[in-house]
Amino acid sequence: MKPKQQWIQQGYIDEAIPDNIDLHKAIRALCEEKNAVILAHYYVDSAIQQVADFVGDSLALARQAAQTKADIIVMCGVHFMAETCKLLCPDKLVLLPDNNAGCSLADSCNAQQLKEWKQQHPDYKVVSYVNTTAAVKALTDIVCTSGNALKVVQSMPENEKILFAPDYNLGAYINSLTGRQMTLWHGGCHVHERFSIKALINLKQQHPQAKVLAHPECKAHILAAADVVGSTAVLLQYVTQHPRQKEFIIATEAGILHQMQQQCPNAMFYPVPPEISEATTGCHCNECEYMKMNSMHKLYNTLKYEYPYVDLDKQLAHQAVKPIERMLEIK
């Protein structure tokens, strides 16, 4: 066994697991033994989605965390999602299989930068995307997700001056839907920003009957070419509600394809590739390397050893949970 200090330094536990262990069964047994619940985002590997108690987008995962009766929450996603669970459930143990699973979007706007931005716009309210750190949320008036951003903005007075951070593409999309003129932070998701419009057009030419589904974190030219724009949950719902549609072109992280294929096994799904060539990346589609840091091996070890866990300053947490609670009050 590696000393705990080494585990702390590397941010996850890589204790060896015997080859003959059925990880799915072993993980479920640990959940039963410890009254633990596994929450997984649509973007993690399919094996983790299969073993999880609940799979969803950021909004659904936050709602599940807020109402769980479990003693332990394991968040298979990225760090800000685990922080959100801890903010909503301060008395529960919140685990993250790999503490290094960050988020390029969250990294694009830190608390000091947001504080300075607010000082430049003293009469503005701040709407922050859920893909932010707890420190950023503590400076925020209300949080939103891609699934409820429209409702959140529409819940605010029409004459309200709004700063929207950090996702520029989502903010611009909401502006286009509402006619608002929110001031936007120039942040972005490295996965959704690199979809190739040329590749998308080629896919549409090859599959003229296919519907194009895109996440609002994509750039405007990708959204303009889409038939449906929405959160991962909205895109999945569209697929399941249109069983006669047999072809879909997908512009979001490739992990969602597992759920789509499960729901509609007879349909064909074509992921939009990144602008960087396949020869360079070795990948046909966009994947989030942070989401893929979650593995069955790490999930087993985090349950077994109850590490790494999320720990937040109580005063910071007290401020950061308020805008999340305001968001959850919006139905």
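From a predicted model like this one, the values you see are computed outputs, not experimental measurements.
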Contacts under 3.5 angstrom, residues 216-228 side chains, donor-acceptor by atom type, not counting sequence neighbours:
from: E217; atom 1: OE1; to: H192; atom 2: ND1; distance (Å): 3.1
from: E217; atom 1: OE2; to: Y129; atom 2: OH; distance (Å): 2.6
from: D227; atom 1: OD2; to: V212; atom 2: N; distance (Å): 2.7

Quiz prompt | Hydrophobic cluster (4.5 angstrom, side-chain heavy atoms) - remaining members for L316 | solution =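 Besides L316, the hydrophobic cluster comprises nothing; the residue is isolated.
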Quiz item: Cut-off 3.5 Å, side chains only: do Q112 and E116 have a donor facing an acceptor?
Solution: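 Present: a donor and an acceptor within the cut-off.
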Quiz item: Strictly by modelled atom types, are S104 and D107 linked by a side-chain donor-acceptor pair under 3.5 Å?
Solution: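 No pair is found: no donor N or O on one side chain lies under 3.5 Å from an acceptor on the other.
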Exercise. May I have the step-by-step check of side-chain hydrogen bond (donor to acceptor under 3.5 Å, both in side chains) for Q50 and Q262, ending in yes or no?
Key: CA-CA 11 Å; Q50 290 292 105; Q262 279 202 321; 2.8 Å; yes
Self-check item: With sequence neighbours excluded, residues passing ring-ring contact (aromatic ring centres under 6.0 Å, His included) with Y43
Solution: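 Applying ring-ring contact (aromatic ring centres under 6.0 Å, His included) to Y43 gives H41.
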Practice problem: Output all residues satisfying ring-ring contact (aromatic ring centres under 6.0 Å, His included) with H79, sequence neighbours left out; order by chain, then residue number. | Solution: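 Partners of H79 under the ring-ring contact (aromatic ring centres under 6.0 Å, His included) test: none.
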Self-check item: Side chain W185, main chain S108, donor-acceptor under 3.5 Å
Solution: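 Yes, because the side chain of W185 sits within donor-acceptor range (under 3.5 Å) of the backbone of S108.
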Quiz item: When you measure from the side chain of K118 to the backbone N and O of L139, does any donor-acceptor pair fall under 3.5 Å?
Solution: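 Answer holds: yes.
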Taking distance alone, no hydrogens or angles, what donor-acceptor pairs closer than 3.5 Å link side-chain atoms of residues 149-164 to residues at least two apart or in another chain?
from: K151; atom 1: NZ; to: K331; atom 2: O; distance (Å): 3.2
from: S155; atom 1: OG; to: V152; atom 2: O; distance (Å): 2.5

Suppose we screen for side chain to side chain contact (heavy atoms under 4.5 Å, CB included). Which residues come up paired with [X], at least two apart in sequence or across chains?
{"X": "C288", "value": "H190, V191, E253, Y290, M291"}
{"X": "S46", "value": "H258"}
{"X": "P18", "value": "N20, I21"}

Self-check item: Qualifying side-chain hydrogen bond (donor to acceptor under 3.5 Å, both in side chains) pairs with a residue from residues 61-75, counting only residues at least two apart or across chains
Solution: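 Listed once each, the pairs are N35-D71.
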Nearest-0.5 Å distance that lies between atom [atom1] in [X] and atom [atom2] in [Y]:
{"X": "T302", "Y": "Y309", "atom1": "OG1", "atom2": "OH", "value": "11.5 Å"}
{"X": "C89", "Y": "I73", "atom1": "SG", "atom2": "CD1", "value": "4.0 Å"}
{"X": "L39", "Y": "T84", "atom1": "CG", "atom2": "OG1", "value": "11.5 Å"}

Residue pairs fulfilling salt bridge (Lys or Arg N to Asp or Glu O under 4.0 Å) with at least one residue in [range], sequence neighbours excluded:
{"range": "residues 296-318", "value": "K34-E306, D98-K298"}
{"range": "residues 163-173", "value": "none"}
{"range": "residues 36-56", "value": "R28-D53"}

Self-check item: Of T252, T232, V239, the residue whose pairing with L213 passes side chain to side chain contact (heavy atoms under 4.5 Å, CB included)
Solution: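 Checked T252, T232, V239 against L213; only one passes side chain to side chain contact (heavy atoms under 4.5 Å, CB included): V239.
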Quiz item: Hey, what's the ring geometry for F248 with Y238, parallel, tilted or perpendicular (30° and 60° as the breaks)?
Solution: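 It falls in the perpendicular class, over 60°.
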